[in-house]
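The chains referred to below are lettered A, B, ... by the order of the sequence lines, with proteins before strands, and numbering in each begins at 1. Just the heavy atoms: all of them, side chains too, but no hydrogens, waters or symmetry mates, feed the values below. Owing to the predicted nature of the structure, the values given are computational and were not obtained by experimental measurement.
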Amino acid sequence: MPELPEVETIARQLDAALAGGRLRAVEIRDARLRLASLARLNGCRIAQVRRYGKQLVLELIPPRRRRVALWLCVHLRMTGRLLWYPGRGDPAELRRARAVLTLDRGTLVFRDTRRFGTLTLRETLAEVLPAGVEPLSAALDAARLTKLLANSPTPLKTWLLRQDRLVGIGNIYASEICFAARLDPRRPAGGLSNGERARLLRAIRRVLTAAIRHCGTTFSDFQDSLGRTGGYVRYLKVYGRAGQPCRACGTPVERFVQQQRSTFRCPRCQPG
DNA sequence: ACCCTCCTGTCA
DNA sequence: TGACAGGAGGGT
């Protein structure tokens, strides 16, 4: 489900709701989730909630002596949700929860139909930080992007999905970014001209920033921490629009498969 | 670069 | 019934 804009939306909401709160209990209901040293979480204060790549990270301060922070990381993968209830929580959601975090001020429910999501506890920030560059950080400028792309034979859309160079871009925004940059997703990533790379960088920033502004995209079942859907779905130009007219030129949008995943492209706006 | 796998649900 | 779904790790 969630890519950078969706995870960012949840992180901002949860930071506002949870920061300063205290964990009273952490209950793992799905045995597939294995979380070491659960007991250490009880009584921890939540310093902040942040997004790193596609992960949601709760920075926890243990009570009393050991003041070294712990990092509780949630990766929602395809269908994960973190739902926040200021009170006890919706009983229907609680029944289907993979995990329930009880705070002094409310209940955080981890739901995840396909159960691909993960929950991990890290001891240091270094273990939390992703290898790739945050695409909306100052670290990603033209020079850095050029270096990252250098000589890569990988098709551009496939390249955008790899989390070891840029983090946070998934299948929806990879197609949308290629469209916004007017680049064929099958072009070798390392073969772009200076002008094309500049377009790509602008597209990455523009698409992700706009998607965050609209609280992400709900294509099928994304919900934020308050159970709301993402408004950017109205602004999708190509994703999920196979056969429908391109919003820019009217040419039917085409769908094809790269790496066993759907890619959408306007043949006229993104010539090969 | 391709293949498969983890899991469950929905749609044509 | 089979295709497909916003992710990612593994194998070849």
Output the rounded distance in Å from [atom1] ([X]) to [atom2] ([N]).
X: A:His75; N: C:dG9; atom1: NE2; atom2: C1'; value: 11 Å
X: A:Gln260; N: C:dG2; atom1: CD; atom2: C1'; value: 17 Å
X: A:Arg187; N: B:dA1; atom1: CZ; atom2: C1'; value: 19 Å
X: A:Ile172; N: C:dC4; atom1: CD1; atom2: P; value: 17 Å
X: A:Leu56; N: C:dG7; atom1: CG; atom2: P; value: 14 Å
X: A:Arg114; N: C:dG7; atom1: CZ; atom2: P; value: 10 Å
X: A:Arg261; N: C:dG7; atom1: CZ; atom2: P; value: 4 Å
X: A:Arg162; N: C:dA8; atom1: CZ; atom2: P; value: 13 Å

(message) Can you list everything that forms a salt bridge (charged side-chain N to carboxylate O under 4.0 Å, His left out) with A:Arg162? Sequence neighbours excluded, please.
(response)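 Scan of A:Arg162 (salt bridge (charged side-chain N to carboxylate O under 4.0 Å, His left out), adjacent residues dropped) gives A:Asp164.
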
(request) Using the test salt bridge (charged side-chain N to carboxylate O under 4.0 Å, His left out), find all partners of A:Arg241 that sit at least two apart in sequence or belong to another chain. (result)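 Testing A:Arg241 for salt bridge (charged side-chain N to carboxylate O under 4.0 Å, His left out), a comparison that skips the adjacent residues, returns none.
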
Does a side-chain N or O from [X] land closer than 4.0 Å to OP1 or OP2 of [N], or not?
X: A:Arg96; N: B:dT8; answer: no
X: A:Gln259; N: B:dC2; answer: no
X: A:Arg77; N: C:dA8; answer: no
X: A:Ser262; N: C:dA5; answer: yes

Out of [options], whichever nucleotide has its closest atom nearest the side chain of [X]:
X: A:Glu3; options: B:dT8, C:dA5, C:dG7; answer: C:dG7
X: A:Pro155; options: C:dG7, B:dT8, B:dA1; answer: B:dA1
X: A:Thr154; options: C:dA5, B:dA1, C:dA8; answer: B:dA1

(request) Flag as yes if A:Phe116 stacks onto the base of C:dG7 (centroids under 5.5 Å, planes under 30°), otherwise no. (result)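 Stacking between A:Phe116 and C:dG7: present.
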
(message) Give me the distance, rounded to whole Å, that separates B:dC3 from C:dA3 when you measure between the P atoms they each carry.
(response)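 Result for the P pair: 14 Å, nearest Å.
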
(message) Can you check the distance between C:dA5 and B:dA1, where both ends of the measurement are the C1' atom (answer in whole Å)?
(response)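 Those two atoms are separated by 22 Å.
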
(message) Given A:Glu93, which partner from the list A:Arg29, A:Arg88, A:Arg111 fulfils the salt bridge (Lys or Arg N to Asp or Glu O under 4.0 Å) test?
(response)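 It is A:Arg111; the other options fail the test.
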
Side-chain polar contacts of residues 244-251 of chain A - donor-acceptor pairs under 3.5 angstrom, sequence neighbours left out - could you list them?
| unit_1 | atom_1 | unit_2 | atom_2 | d |
| --- | --- | --- | --- | --- |
| A:Arg247 | NE | A:Leu236 | O | 3.1 |
| A:Arg247 | NH2 | A:Leu236 | O | 3.4 |

(request) Return one dot-bracket line describing DNA chain B 5' to 3' (Watson-Crick or G-U wobble pairs, both distances under 3.5 Å; ( ) same strand, [ ] crossing, | another strand, . none). (result) ||||||.|||||

(message) Is it the case that the side chains of A:Arg114 and A:Thr79 hold a donor-acceptor pair, with the cut-off being a distance below 3.5 Å and no angle test?
(response)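 No - no donor-acceptor pair under 3.5 Å links their side chains.
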
(message) For A:Thr263 and A:Arg255, which I'm curious about, is there any donor-acceptor pair between the side chains at under 3.5 Å?
(response)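 No, no side-chain donor-acceptor pair sits under 3.5 Å.
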
In a table with atom names and distances, give each donor-acceptor pair under 3.5 Å that connects a side chain of residues 264-272 of chain A to protein atoms at least two apart or in another chain.
| unit_1 | atom_1 | unit_2 | atom_2 | d |
| --- | --- | --- | --- | --- |
| A:Arg265 | NE | A:Asp184 | OD2 | 3.3 |
| A:Arg265 | NE | A:Gln270 | O | 2.9 |
| A:Arg265 | NH1 | A:Glu254 | OE2 | 2.4 |
| A:Arg265 | NH2 | A:Asp184 | OD2 | 3.4 |
| A:Arg265 | NH2 | A:Gln270 | O | 3.0 |
| A:Gln270 | OE1 | A:Cys266 | N | 2.8 |
| A:Gln270 | NE2 | A:Cys178 | O | 3.3 |
| A:Gln270 | NE2 | A:Leu183 | O | 2.9 |

(request) Name all pairs fulfilling the salt bridge (Lys or Arg N to Asp or Glu O under 4.0 Å) condition that reach into residues 15-25 of chain A, sequence neighbours left out, sorted by first residue then second. (result)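 Non-adjacent pairs meeting salt bridge (Lys or Arg N to Asp or Glu O under 4.0 Å): zero.
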
